[in-house]
Amino acid sequence: MRYKSTRSSREAISASQAILEGLAPDGGLFVPEEIPSLPCSLEQLAAMDYREIAFEIMKLYLTDFTEEELRACIAAAYDGKFDAAEIVPLAKVEDVYFLELFHGPTIAFKDMALSILPHLMTTAMKKRGEGRETVILTATSGDTGKAALEGFAGVPGTRILVFYPKDGVSAIQRQQMITQRGDNTWVIGVEGNFDDCQSGVKAVFADEELAKRMEKAGLAFSSANSINIGRLVPQIVYYVYAYARLLREGEIEKGEPVNIAVPTGNFGNILAAWYARGMGLPVGRLLCASNENRVLCDFFATGAYDRRRPFILTDSPSMDILISSNLERLIYELTGCDPEQTASLMGMLSQEGWYQIDDGMRKRMEAFRGGFASQEESRREICRIFSECGYVMDTHTAVASAVYERYRRETGDSTKTLIASTASPYKFAPSILRAIKPDWEEQRGEMTELEWAFACVEELSRISGTEIPEAVRGLLGAPVRHERICSVSQMKRTVEEILGL
Ligand SMILES: *Cc1c(COP(=O)(O)O)cnc(C)c1O
């Protein structure tokens, strides 16, 4: 299997090269030359555990990894750091299935890919015969930074530096990052917003003089960004696993289509479901759920992608996004794999802020339905499911659940449905309590943001009768290990200092 860029027809490269390069030199994303078919029958898959299915699926995409290498990466990623033996448990609530992707070390779905990416990268480095150490530079608005830190902490041959906006993340998210363990981890608060962090990191990546000094010192920069194909491929696995699981438990018949609803931001998670469908997994509709930043919802309704609108802050912050980077991979497929047309649409997006696709392309995306839920609707959904079924979901998952409920009401489509559940409710405890127990807020008094977050965690555990995940419990009283703060203009200097350049 080779990978080509969505924006040019230059020669295709191997999986390990694509993982190391991250982004193509022409600014395009790497896509597999073709979507492979499922490797064996659905019944055979139904007899496998998570790691075996991961191996069967990933070996079709990462063909320049040996079987031993791939098995070693999978074994190192999906182990006891997940607090569920099945890795991704399925919870049946009323008649829908919540695919819980949040049982990893940072209790959000980013762990599914970021726990394996470091191993894929270090294996790829060895293959290339590179003795250089990999330095991961990441700017984060909250979830990705922590998941990347957990993934790379202690991985030999790597160092990771994470920049976060000093006042732009939640108290729990900050606490998660500044207490990070691992001698190869650095966490730096930036006096600026997320965009400042992102631009600063991009400038460091683009600095050729620095790259030369890095090479001399035996170091090379890389990125753990969600457009890396090494993050997308591991995400296909859990959709196949979920289907196999439903089959094994007799919830569905062999070949019965299942709909999938996904709370969407950068379009990575739902794209993986679409690849799984392309591989022959019986998937009916793909419901792309947005919060009030409903760019994608409008796109699926009209064929026009238009980011020229205000950015809205919601309590599903990981979906507060106006440019969904991974959509480019779908656009490429919709053009019939035409890199010129894809490049021209993406050029229009960056220059004019919008583009419109033609009718032929729209026809090819018939499997998708877009929908959105307002803040109020998602709060009501959290409250409804909790009071009717006793199941607590997080604010992102609630967007997908609300969008699905409306879709079912409006279409009468009663196909069995999986909802991708992307974070533990404990990660967003204050927002969850606001939804299910509005007068609880009166208890806050003089508490700091962090104290209040922990009070909400305790209360959530009490009223839901669920255990506080270790990832949150361990934060209380954990020593702070990262106190470094810098201004935007000091970011490069900070990187040089840390790396001893
Ligand atoms: C990142 C994230 C999303 C959005 O996923 P995409 O792959 O970017 O569409 C949704 N929910 C949570 C909790 C996330 O962390």
Side-chain angles (χ1 to χ4, degrees), residues 29 88 98-115 117 138-151 164 169-170 172-173 176-177 194 224-236 238-239 260-276 286-297 299-300 314-330 368 370-373 378 382 392-403 419-429 431-432 469 471:
L29 309 193
V88 287
F98 286 88
L99 177 59
E100 296 188 348
L101 305 173
F102 56 77
H103 289 272
T106 77
I107 58 175
F109 103 97
K110 305 281 190 296
D111 289 328
M112 297 310 303
L114 281 165
S115 54
L117 182 70
T138 302
T140 185
S141 58
D143 280 345
T144 302
K146 179 60 183 178
L149 284 162
E150 277 295 324
Y164 70 95
V169 298
S170 81
I172 294 245
Q173 286 172 324
Q176 279 190 309
M177 289 193 279
F194 172 62
N225 198 289
S226 87
I227 51 171
N228 194 311
I229 195 75
R231 278 185 63 177
L232 193 58
V233 170
Q235 295 181 174
I236 300 170
Y238 47 76
Y239 292 112
I260 303 179
V262 185
T264 299
N266 222 4
F267 206 73
N269 201 359
I270 194 167
L271 185 71
W274 191 70
Y275 278 156
L286 292 163
L287 294 179
C288 176
S290 307
N291 63 23
E292 285 166 8
N293 296 289
R294 48 181 286 191
V295 159
L296 285 166
C297 169
F299 170 69
F300 286 114
T314 72
D315 59 19
S316 44
S318 299
M319 297 162 68
D320 291 344
I321 248 175
L322 291 180
I323 302 181
S324 296
S325 318
N326 270 300
L327 186 67
E328 178 167 345
R329 290 191 164 107
L330 178 67
F368 287 92
F372 88 104
S378 5
I382 293 172
V392 191
M393 64 177 116
D394 103 288
T395 49
H396 302 75
T397 309
V399 170
S401 186
V403 164
I419 295 180
S421 181
T422 51
S424 159
Y426 282 98
K427 198 157 190 180
F428 301 94
S431 304
I432 306 303

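For the numbers below, each heavy atom of this structure counts, side chains included, while hydrogens, waters and symmetry mates do not. First listed ligand is number 1; within each ligand, the first listed atom is number 1.
For Phe109, the ring-ring contact (aromatic ring centres under 6.0 Å, His included) criterion is met by no residue, not counting sequence neighbours. Phe194 meets the ring-ring contact (aromatic ring centres under 6.0 Å, His included) test with no other residue; sequence neighbours excluded. Residues satisfying the side chain to side chain contact (heavy atoms under 4.5 Å, CB included) test with Ala273, not counting sequence neighbours, are Tyr239, Ile260, Leu286.
The immediate protein surroundings of ligand 1, defined as residues with any heavy atom under 4.0 Å of it, consist of Phe109, Lys110, Asp143, Pro263, Thr264, Gly265, Asn266, Phe267, Gly268, Asn269, Ser318, Met319, His396, Thr422, Ala423.
Side-chain contact check for Arg329 and Asn326: at least one donor-acceptor pair (N or O, by modelled atom type) lies under 3.5 Å. Inspection of the Asn291 and Ser316 side chains reveals an N or O donor paired with an N or O acceptor under 3.5 Å.
A distance of 13.0 Å separates CG of Asp394 from OH of Tyr426, quoted to the nearest 0.5 Å.
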